Amino acid sequence: MIILAEKPNVAKDIALALGRFKFQDGIWISGKDCILSARGHLLISQMPEEYDPKWKSWKDSLKDLPINPPKFIYKENPNTKEVLHQIKKCFKEFDSSEFILATDAEREGEVIGAEILDYVGFQNYAAAKRFWVSEALTPEVVKKGLAQAKPLSEYESYKAAGFARANADWLIGMNFSRLLTVSCGNKAIFSFGRVQTAILGVIYLRDKNIKNFKPADYFQLVCKVNKDNYNFSLYYNKDDSDRFSSRTELEFLTDKLTNQDKLKITKIETIEKTENPPQLFNITGLQKYCSNKYHLTPQQTLDIAQILYEKYKSLSYPRTPSIVLGDENVELFKSKFELLSKEYPELSKNCDSSKINSDNKRIFNTAKLTDHHALIPLKQIPQDASENEKNVYNAVLLRFFQTIMPSCVYNSITINAEKDNMTFIGKGRSYITKGWKTGLDTENEDEKEIETFPTDLKENELLQIIESSILSKQTQPKKHFTNATLLALMENPKAEDVEKVAKLVGLGTPATRASIIKELIDRHYIEQKGQQLLITKLGEFLIETVIKIPCLKDFISLSTTTRWEEQLQSKPDEFLQSIKNFITTEIPKITITDTWKTNEIGQCPLCHKAEIVEGKNSYYCSDYKSGCKFSIAKNICGAKISANDVKLLITGKQTAMKKMISTKNQKEFSAKLVYEKGKIEFKF
């Protein structure tokens, strides 16, 4: 028997559950049986020139486009070829007449397994079975999953969808990246991707709408009132609106209100509402939380979560889309709660352990489990962990405890009050029990705007006016995207390019969304200023160029991109063929006349005659062929160096303070940068 897992820890869990296997030379062995593990994708797509030499040299001509190989071929990933060779050797030495594929229970896991089986020349597909489990791999779950393993053939649709996605994205990326680079590059390399470009299009559209937004003035008349040490606000309302275009009418009314006046409550509407505790984190939820609370980028959060999982063993597998555990994981949750509640009594004191039961479908729900189970803490984090590592861990820990705290129950209250035929309306809430929100930092931005009302307000009661005032306000556009809001859009898209659309399929995967955002930043299509993600001139140029090409406009449509995702799942072969047909018929018709004009950075401070230009990895003198050695790297000790930074440096000014990591001891430090005597210096 051979069992092939995707990760070493999964192979270990299976081996320990079966009991008879011993670990030897990187694999688990028992007689003629073995359990192997990959390391993710062990094979990668060939490059165009490996299919045909004519596709190697392309930067000066489009004559050899489109790139459309008749068959897709995968080759060894040079970074993991030793693992691949060992797996191939094991398929020769061990008994593969009984084979179980135990890669991750999702589309990508199916592709990883299929690639390896094809590479090793596996033939016994008719008898092969599939271990398809997303729950935490306790011994009981492993044994049950193996006993219920179905024929591998039943998962063909996942494999087809996975290969269709990979091959379609390869075709789109290779063809249109080359087309745009050759047509309008001017030393800039353009990257084009099915999901990446759609996300860039959304950011472009949002920023354009904000730029073109025309604010409108409006005014509100507000009365501050008091009862039982509660100060709260009531707004003058006329014709079901508290917004007025003219200030004059409100000024007349305020003259009639004094601090001796009282408002009489004419109506109280109270609705009791229950806010259940939040569910466990998946990786996207954790990234959004850490972006808002700790200002970590999605990639930083993912990298830290991976360290917590691999190095400290304090966190479960992080790259998960699930917010639940499986039905069989009640004892796992209970054991971790008993362990961690002793270590963190202040965080866990409001927990209700009776909620740890299989009837609690907000936590234990195999039917809603995909790929991997939700993030949970496994043990205490080491004391010498970094601050950011502790922050990410504590976020998961707090959420773990919150899931079994009591619900928050409150009354949502709307008050109508009057004086001299003027109607005032106020909205707020009074808490019956705060439940899971008691004593914890759980208030979000929306809740900060909600006022707390007294609990015993009554009709015909008089409320003392403390002050009245007119508020001058303006209508506001939508906000610029942040890491958190962009992740939320990728997880649950709402098309900004159509008026009405049903819920759309998510873009990217929980494991790739962070890298998509990072790629857009690294390629200078977007930039992060504070918490805002803003499109750059280069990003604007790319999207506006694409918009002018009728056949490419769909690639920046969020609704179209998500429909493609649906088609990938339902009709993968048709989807791939449509992409191949599109490339073959449309690329020869495309003509691009616009050329990217490199942003002017400034004159070279060394030779004093040429301009500084931006390259892929550095900023350098455009007269480098004559021997000028000026160069500033785009990454200095982990800090990103922007074109604006270079403008400061070449004029003798310092950059803003930057967080960096020492190359000697890997410790974080902060410093400003300055260009002195032909080199970069740190100013602490």
Side-chain angles (χ1 to χ4, degrees), residues 39 79 283 286-287 289-315 318-319 380-397 482-483 514-515 517-524 526-533 601 605-606 612 614-621 629-684:
R39 304 289 192 280
N79 296 324
I283 187 60
L286 179 64
Q287 287 166 324
Y289 181 92
C290 291
S291 174
N292 285 330
K293 187 170 179 63
Y294 303 117
H295 297 170
L296 294 174
T297 68
Q299 191 63 50
Q300 286 174 321
T301 299
L302 179 60
D303 291 343
I304 291 169
Q306 199 70 26
I307 291 171
L308 296 174
Y309 164 68
E310 291 182 355
K311 180 180 178 182
Y312 299 139
K313 316 295 184 187
S314 296
L315 194 68
R319 297 168 185 261
Q380 189 175 23
I381 190 172
Q383 289 298 314
D384 60 352
S386 71
E387 180 181 356
N388 280 338
E389 289 168 349
K390 289 178 180 177
N391 286 338
V392 173
Y393 173 81
N394 287 336
V396 179
L397 179 72
T482 64
N483 280 306
S515 63
I517 297 174
K518 184 176 184 298
E519 181 81 0
L520 290 172
I521 293 174
D522 289 348
R523 291 190 176 277
H524 306 288
I526 63 174
E527 60 183 345
Q528 183 163 342
K529 289 189 175 180
Q531 289 301 293
Q532 296 178 338
L533 295 174
I601 295 174
L606 281 184
I612 303 301
E614 181 177 348
K616 183 177 181 181
N617 298 310
S618 66
Y619 303 91
Y620 58 91
C621 178
K629 301 294 186 183
F630 175 84
S631 176
I632 294 178
K634 285 187 173 181
N635 186 307
I636 297 177
C637 295
K640 297 287 188 288
I641 308 302
S642 69
N644 286 331
D645 288 329
V646 178
K647 289 178 183 179
L648 293 171
L649 292 169
I650 63 177
T651 55
K653 299 176 182 177
Q654 297 180 1
T655 67
M657 190 70 73
K658 293 182 177 292
K659 290 184 178 181
M660 292 175 272
I661 300 175
S662 170
T663 55
K664 291 183 179 179
N665 55 26
Q666 297 301 302
K667 289 187 177 180
E668 292 185 358
F669 69 96
S670 295
K672 296 181 179 181
L673 302 177
V674 65
Y675 184 76
E676 294 179 344
K677 298 179 182 179
K679 63 180 181 178
I680 296 292
E681 299 284 356
F682 299 106
K683 295 295 182 180
F684 298 95

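Nothing here was measured: the structure is a model prediction, and the numbers come from that model. All residue numbers in this chain count up from 1 along the given sequence. Values reported hereafter were calculated over all heavy atoms of this structure, with side chains retained and with hydrogens, waters and symmetry mates removed.
Between the side chain of K313 and the main chain of E310, a donor-acceptor pair closer than 3.5 Å is present. A donor-acceptor contact shorter than 3.5 Å links the side chain of Y619 to the backbone of A643. When atom types are taken as modelled, the side chain of K634 and the backbone of G615 share a donor-acceptor pair closer than 3.5 angstrom. Although no hydrogens or angles enter the test, the distance criterion places a donor-acceptor pair under 3.5 Å between the side chain of Q528 and the main chain of G530.
Note that the CG atom of N391 and the NZ atom of K293 stand 8.5 Å from one another [nearest 0.5 Å]. Atom OG of residue S618 and atom CD1 of residue I612 lie 10.0 Å apart, to the nearest 0.5 angstrom. To the nearest 0.5 Å, atom CD of residue Q299 and atom CG of residue N483 are 10.5 Å apart. Rounded to the nearest 0.5 angstrom, I636 CD1 and T663 OG1 are separated by 12.0 Å. Within the model, atoms CD of E389 and CG of L308 stand 6.0 Å from one another, a figure rounded to the nearest 0.5 Å. In this structure, CD in E519 is found 10.5 Å from CD1 in I526, a value given to the nearest 0.5 Å.
The shortest non-hydrogen separation linking A639 to K659 is CB-O, 3.8 Å. The shortest non-hydrogen separation linking S670 to F684 is O-CD2, 3.6 Å. Closest of all the heavy-atom pairs between P318 and Q306 is CG-OE1, 3.2 Å. Considering all non-hydrogen atoms of both residues, V674 and G652 come closest at CG2-O, 4.3 Å. When every heavy atom of I601 is checked against every heavy atom of I650, the shortest pair comes out as O-CD1, 3.9 Å. The shortest heavy-atom contact between L606 and K629 is CD1-C, 4.2 Å.
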Notebook entry, point to check: Given D645 and L673, is the side-chain contact (heavy atoms from CB on, under 4.5 Å) satisfied, shown in steps?
Noted result: CA-CA 9 Å; D645 288 329; L673 302 177; over 6 Å; no
Check: For T297 and I517, what are the C-alpha separation, side-chain angles and deciding distance, and is it a side-chain contact (heavy atoms from CB on, under 4.5 Å)?
Finding: CA-CA 9 Å; T297 68; I517 297 174; over 6 Å; no
Next item on the list: Mind running salt bridge (Lys or Arg N to Asp or Glu O under 4.0 Å) on E527 and K640 for me, showing each step along the way?
Entry: CA-CA 10 Å; E527 60 183 345; K640 297 287 188 288; over 6 Å; no
Checklist line | side-chain contact (heavy atoms from CB on, under 4.5 Å) between S642 and K647, worked out | finding: CA-CA 9 Å; S642 69; K647 289 178 183 179; over 6 Å; no
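Between N79 and R39, the closest side-chain pair of non-hydrogen atoms is not below 4.5 Å. Between T655 and I641, every side-chain heavy-atom pair lies at or beyond the 4.5 Å cut-off.
Within a 6.0 Å radius of CD in E387, other residues, nucleotides and ligands contribute 12 heavy atoms or fewer. The number of heavy-atom neighbours closer than 6.0 Å to NZ of K518, taken from other residues, nucleotides and ligands shown, is 12 or below. Within 6.0 Å of NZ on K672 lie no more than 12 heavy atoms contributed by other residues, nucleotides or ligands.
The residues K683 and E681 are annotated as not salt-bridged, no charged nitrogen and carboxylate oxygen being separated by less than 4.0 angstrom.
Q300 and Y294 share no donor-acceptor pair across their side chains, judged by distance under 3.5 Å alone.
Aromatic pair Y393/Y312: centroids not less than 6.0 angstrom apart.
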